[in-house]
Amino acid sequence: MQSKSIKKIVTFLGITLVLSAIFYVLIIRAGSLQTNGGLLVLGLMWSPGISGMITQLIYEHTLRGLGWKLGKFKYLLLAYFIPLLYCLVVYGLTWITGLGQVPNPEMMAHINSVFSASSASPLVKTLIYCANLAVFGVISGLLSGAGEEIGWRG
């Protein structure tokens, strides 16, 4: 049994090395992480996940062993809101102590450029921007991070 486990680990690491190397070379040649809208970084992040799935299929002929299932809803809510609480504490202390500005001029310039056609107030623009990030930013982060989590934890 131990021999099979070692073979699976070596196979996973080998496939991950090859896939990752491809994306590293493409990113280095492009000279930027933002090339193609960050798709090369997404591919790099999914290298361990794809490797894990290929390895699982090679040795077990099924993906069942990866343990995919959603957790209980209350834990999903906690996973969403606990990082927000951390941010509120850290940013709150930063703003209260004067180590950071509210509003941040660079961030406001970015928000204004996103909503350049809108005549809404800066507060409304900021709230809409934050709400958008709270939904689509989280979905984007989940999709990109899932490849690493599947590979390294699955």
Side-chain angles (χ1 to χ4, degrees), residues 5 8-9 12-13 15-17 19-24 26-28 30-57 59-60 62-154:
S5 296
K8 287 172 79 173
I9 291 169
F12 167 75
L13 291 175
I15 296 169
T16 301
L17 176 69
L19 287 178
S20 297
I22 293 167
F23 287 105
Y24 277 122
L26 292 172
I27 289 168
I28 291 168
S32 171
L33 294 173
Q34 299 306 320
T35 302
N36 296 327
L39 286 177
L40 295 176
V41 173
L42 181 65
L44 180 62
M45 292 178 74
W46 266 92
S47 293
I50 298 296
S51 301
M53 288 187 271
I54 292 170
T55 301
Q56 184 71 10
L57 288 170
Y59 288 96
E60 306 300 331
T62 180
L63 294 177
R64 290 183 191 255
L66 293 177
W68 294 347
K69 60 183 173 182
L70 282 177
K72 292 183 180 178
F73 186 71
K74 69 178 180 178
Y75 296 120
L76 295 174
L77 283 177
L78 286 172
Y80 184 84
F81 285 108
I82 287 175
L84 290 177
L85 291 174
Y86 290 151
C87 288
L88 286 175
V89 170
V90 171
Y91 280 102
L93 288 173
T94 302
W95 295 329
I96 289 169
T97 61
L99 295 172
Q101 284 182 295
V102 179
N104 179 313
E106 291 89 17
M107 185 66 182
M108 290 309 299
H110 174 70
I111 290 172
N112 283 328
S113 71
V114 170
F115 295 103
S116 60
S118 173
S119 62
S121 72
L123 176 63
V124 170
K125 289 179 183 180
T126 303
L127 290 174
I128 292 170
Y129 185 82
C130 289
N132 183 30
L133 277 180
V135 175
F136 298 108
V138 169
I139 291 170
S140 171
L142 286 172
L143 291 175
S144 62
E148 291 182 338
E149 292 300 321
I150 290 167
W152 295 119
R153 296 173 56 104

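In this text the structure is predicted, and so the values were computed from the model without any measurement. All values below were derived from every heavy atom in this structure, side-chain atoms included, with hydrogens, water molecules and symmetry-related copies excluded.
- Applying the 6.0 Å contact sphere to OH of Tyr91 captures no more than 12 heavy atoms from other residues, nucleotides or ligands.
- In this structure, the side chain of Tyr80 engages the main chain of Ala134 through a donor-acceptor pair within 3.5 Å.
- Atom CD of Gln56 is separated from atom CZ of Arg64 by 11.5 Å, given to the nearest 0.5 angstrom.
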Check residues 135-143 and write down every donor-acceptor pair under 3.5 Å in which the side-chain atom is one partner and the other belongs to a residue at least two apart or another chain.
none

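- Scanning all heavy atoms of the two residues, the minimum distance from Gly71 to Leu76 falls at O-CD1, 3.8 Å.
- Atom OG in Ser47 sits 10.0 Å away from atom CG in Leu17 (nearest 0.5 Å).
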inquiry  = With side-chain contact (heavy atoms from CB on, under 4.5 Å) as the criterion, how do Leu40 and Leu33 come out once you've worked through the C-alpha distance, each side chain's angles and the decisive distance to 0.1 Å?
reply    = CA-CA 7 Å; Leu40 295 176; Leu33 294 173; over 6 Å; no
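- Of all heavy-atom pairs between Thr16 and Pro48, the closest is OG1-CA, 4.0 Å.
- Closest non-hydrogen pair, Trp152 versus Leu13, comes out as CZ3-CD2, 4.1 Å.
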Decide yes or no on side-chain contact (heavy atoms from CB on, under 4.5 Å) for Ile27 and Val41, but give the supporting numbers first. CA-CA 8 Å; Ile27 289 168; Val41 173; 4.2 Å; yes
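- Summarising the geometry, atom NZ belonging to Lys125 is positioned 9.5 Å from atom OG belonging to Ser113; distances are rounded to the nearest 0.5 Å.
- Taking all atoms of both residues into account, the shortest heavy-atom contact from Ile15 to Ser51 is CG2-OG, 3.2 Å.
- Here the CG-CG distance, from Asn36 to Leu42, works out to 11.5 Å after rounding to the nearest 0.5 Å.
- Between the CZ atom of Phe81 and the CG atom of Leu85 there is a distance of 9.0 Å, given to the nearest 0.5 Å.
- Contact detail for Trp46 and Ala146: the closest heavy-atom pair is CZ2-CB, 3.9 Å.
- A distance of 12.5 Å separates CG in Leu133 from CD1 in Ile128, rounded to the nearest 0.5 Å.
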